[in-house]
Amino acid sequence: MRRRDFIALVGSAVAWTVPARAQSMPVIGYLGSENPERYSSRLRAFREGLAEVGYIEGRNVEIEFRWAEGQYNRLPAIAKDLASRPLNVIVAAGGAEVALAAKSATATIPIVFEMGGDPIALGVVDSLSRPGGNLTGVSSLSVEVSRKRLEFMHEMRPGTKVFAVAVNPTSPTSSSQLKNLHTAATSLGLELVVLKTSTEQEFDGMFTAVHDMRAGGLVFSSDPYFAYRSQQLAALAVRHAVPAMTQSRDFPLAGGLMSYGGDFNQSHRHTGMYAGRILKGEKPSDLPVQRVTKVELFINLKAASALGISFPSSILSSADGVIE
């Protein structure tokens with residue numbers, strides 16, 4: 001064989017092999033608001049869900065990631081870039097901001113979202129049972145149970161009438177959560193001090209304010225921005241000796257007092273399962289939006305002891321997780 005013919009043969013083989021692999025292995029586009037480290041436990045649950053329906057990353061499915069690195073205003077541009085790729089499905093997990101950015105980026109690529117709040121009220125889908133269009137997904141109960149966090153905190157500090165609540169004003173669900181929290185405070189006879197924060201630089205001042213006003217505690221509204229910063233918030237709560245409560249179990253696991261919210265392992269695992277079912281040919285319009293069924297309460301006894309308070313038996317007996 002002449003050298004020129006051999007080079008032509010090798011070149012044609014390479015040109016045939018690469019696109020054939022790309023066509024045989026489906027590709028998931030994953031849109032995230034933070035970074036892989038902050039999403040690590042959620043990503044593990046997502047991959048478990050994918051595996052339950054037969055897909056293993058690198059073996060029979062590829063995943064193309066895009067991260068906003070905590071700059072949520074970058075999500076629309078990143079989502080648009082991701083949607084320009086040849087994808088089979090987009091996974092938009094980690095909050096309403098991510099879902100809305102993905103929805104704006106494409107009306108043709110199937111999208112599986114994972115978020116808190118009401119997907120209909122937020123304009124993500126028209127119906128839970130028949131989503132229509134190219135979106136379906138999983139909705140957690142974290143937003144709905146924000147008022148329950150205030151009730152738990154009041155149960156912890158029954159002799160205190162003033163409590164603080166942290167709200168991210170840039171969150172699409174902040175207004176509805178504030179309305180529910182004010183309703184709960186009125187029914188409990190409490191005064192609510194609202195502290196608005198949307199950047200990490202404001203966190204320290206927020207805990208200082210709660211400590212100085214001698215509030216009974218600080219209740220965080222449901223927001224992925226807070227949930228993904230559980231370690232930072234727990235460290236500040238310890239430093240300022242502030243009883244605090246968030247939606248994510250990561251907070252008490254990191255040294256904070258307590259958490260109450262939807263089970264994110266369940267919601268992200270179901271997101272992976274839905275992505276796999278769409279890869280197998282099901283249409284997002286035929287898959288009803290799922291609602292997380294499990295809400296979990298985690299408490300930290302060591303944090304309570306350091307604060308000089310104790311959990312009432314009603315909270316101890318209902319806790320799903322107790323950190324000694």
Asker: Hey, does the side chain of T136 reach the backbone of L287 with a donor-acceptor pair shorter than 3.5 angstrom?
Answerer: yes
Asker: So Y30 and W67, would you call those rings parallel, tilted or perpendicular, with 30° and 60° as cut-offs?
Answerer: tilted
Asker: Taking the side chain from S310 and the backbone from A304, do they hold a donor-acceptor pair closer than 3.5 Å?
Answerer: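 Checked: no pair found.
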Asker: Indicate whether the side chain of S129 and that of S127 have a donor and an acceptor atom separated by less than 3.5 Å.
Answerer: yes
Asker: Provide the full list of ring-ring contact (aromatic ring centres under 6.0 Å, His included) pairs with a residue in residues 174-227, sequence neighbours left out, each pair given once.
Answerer: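 Listed once each, the pairs are Y72-Y225, F220-F226.
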Asker: I need the single residue from L192, V167, L150 that forms a side chain to side chain contact (heavy atoms under 4.5 Å, CB included) with V219. Which is it?
Answerer: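 Of the listed options, the one satisfying the test is L150.
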Asker: Count the heavy atoms belonging to other residues, nucleotides or ligands that lie under 6.0 Å from CD of E151, then report whether that count exceeds 12.
Answerer: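 Buried by this count: over 12 neighbours within 6.0 Å.
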Asker: Does the E69 side chain pair with the main chain of N35, one donor and one acceptor, at a distance under 3.5 Å?
Answerer: no
Asker: Please determine whether side chain to side chain contact (heavy atoms under 4.5 Å, CB included) holds for the pair M258 and M245, giving the CA-CA distance in whole Å, both sets of side-chain angles, and the decisive distance to 0.1 Å.
Answerer: CA-CA 5 Å; M258 57 199 300; M245 186 171 189; 3.6 Å; yes
Asker: If hydrophobic clusters are built by linking Ile, Leu, Val, Met, Phe, Trp and Tyr wherever their side-chain heavy atoms come under 4.5 Å apart, do V98 and I120 end up in the same one?
Answerer: yes
Asker: Just to verify, what does V292 make a side-chain contact (heavy atoms from CB on, under 4.5 Å) with, not counting sequence neighbours?
Answerer: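 Only V138, S140, Q266, S267 meet the side-chain contact (heavy atoms from CB on, under 4.5 Å) criterion with V292.
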Asker: If only side-chain N and O atoms count, and only distance matters, is there a donor-acceptor pair under 3.5 Å linking R38 with S33?
Answerer: no
Asker: Just how far is it from atom CD1 of I111 to atom CG of L135, taken to the nearest 0.5 Å?
Answerer: 4.0 Å
Asker: According to a 4.5 Å side-chain heavy-atom criterion applied to Ile, Leu, Val, Met, Phe, Trp and Tyr, with indirect links allowed, do V238 and L236 form part of one hydrophobic cluster?
Answerer: no
Asker: Taking all atoms of both residues into account, what is the closest heavy-atom pair of F264 and S41, and its distance?
Answerer: CE1-OG, 3.6 Å
Asker: Restricting to non-hydrogen atoms, name the atom on A275 and the atom on V89 that form the minimum distance, rounded to 0.1 Å.
Answerer: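 Shortest heavy-atom contact: O-CG1, 4.4 Å.
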Asker: Under 3.5 Å, side chain of R157 to main-chain N/O of G216, donor-acceptor pair present?
Answerer: yes
Asker: If you compare all heavy atoms of L50 against all heavy atoms of G272, which two are closest, and at what distance to 0.1 Å?
Answerer: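 That closest heavy-atom pairing would be CD2-O, 3.5 Å.
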Asker: When rounded to the nearest 0.5 angstrom, what is the spacing between CD1 in I78 and CZ in R66?
Answerer: 9.0 Å
Asker: Verify, without hydrogens or angle tests, whether N134 (side chain) and I109 (backbone) share a donor-acceptor contact under 3.5 angstrom.
Answerer: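 Answer holds: yes.
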Asker: Would you check if the side chain of S146 reaches a backbone N or O of V143 as a donor-acceptor pair within less than 3.5 Å?
Answerer: yes
Asker: Just by modelled atom types, is the L297 backbone N or O under 3.5 Å from a matching donor or acceptor in the D320 side chain?
Answerer: yes
Asker: Whether the side chain of R249 engages the backbone of S259 through a donor-acceptor N/O pair (distance < 3.5 Å, no angle test) should be reported.
Answerer: no
Asker: Of the non-hydrogen atoms in G116 and S139, which two are nearest, and what is the gap between them?
Answerer: C-OG, 4.4 Å
Asker: Give a yes or no on this: more than 12 heavy atoms of other residues, nucleotides or ligands lie within 6.0 Å of atom CG of N60.
Answerer: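 Yes, CG of N60 has more than 12 neighbouring heavy atoms, counting only those of other groups under 6.0 Å.
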Asker: Ion pair present between K280 and E282, side-chain N to carboxylate O less than 4.0 angstrom?
Answerer: no
Asker: Looking only at heavy atoms, which two atoms of E155 and P312 are closest? And how far apart?
Answerer: O-CG, 3.9 Å
Asker: What's the spacing between D223 CG and S248 OG if we round to 0.5 Å?
Answerer: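 The CG atom of D223 sits 12.0 Å away from the OG atom of S248.
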Asker: Could you check whether R42 pairs with E34 (Lys NZ or Arg NE/NH1/NH2 to Asp/Glu carboxylate O, under 4.0 Å)?
Answerer: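 Result for this pair is no, no salt bridge flagged.
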Asker: Is it true that L181 and Y260 fall in one hydrophobic cluster, defined by side-chain heavy atoms closer than 4.5 Å?
Answerer: yes
Asker: Is there a donor-acceptor contact under 3.5 Å from the side chain of S305 to the main chain of L301?
Answerer: no
Asker: Verify, without hydrogens or angle tests, whether T106 (side chain) and T108 (backbone) share a donor-acceptor contact under 3.5 angstrom.
Answerer: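 Yes, T106 side chain to T108 backbone: donor-acceptor pair under 3.5 Å.
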Asker: In Å, rounded to the nearest 0.5 Å, how long is the span from CD of E144 to OG of S222?
Answerer: 8.0 Å
Asker: Rounded to the nearest 0.5 Å, what separation is found between the CD1 atom of I299 and the CD1 atom of I323?
Answerer: 8.0 Å
Asker: Quick one: closest heavy-atom pair of P243 and L257, and the distance?
Answerer: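 In this case the closest contact between P243 and L257 is CB-CD2, 3.9 Å.
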Asker: Examine the side chains of T197 and E202 and answer whether a donor and an acceptor come within less than 3.5 Å of each other.
Answerer: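 The criterion, which ignores hydrogens and geometry beyond distance, is satisfied for E202 and T197.
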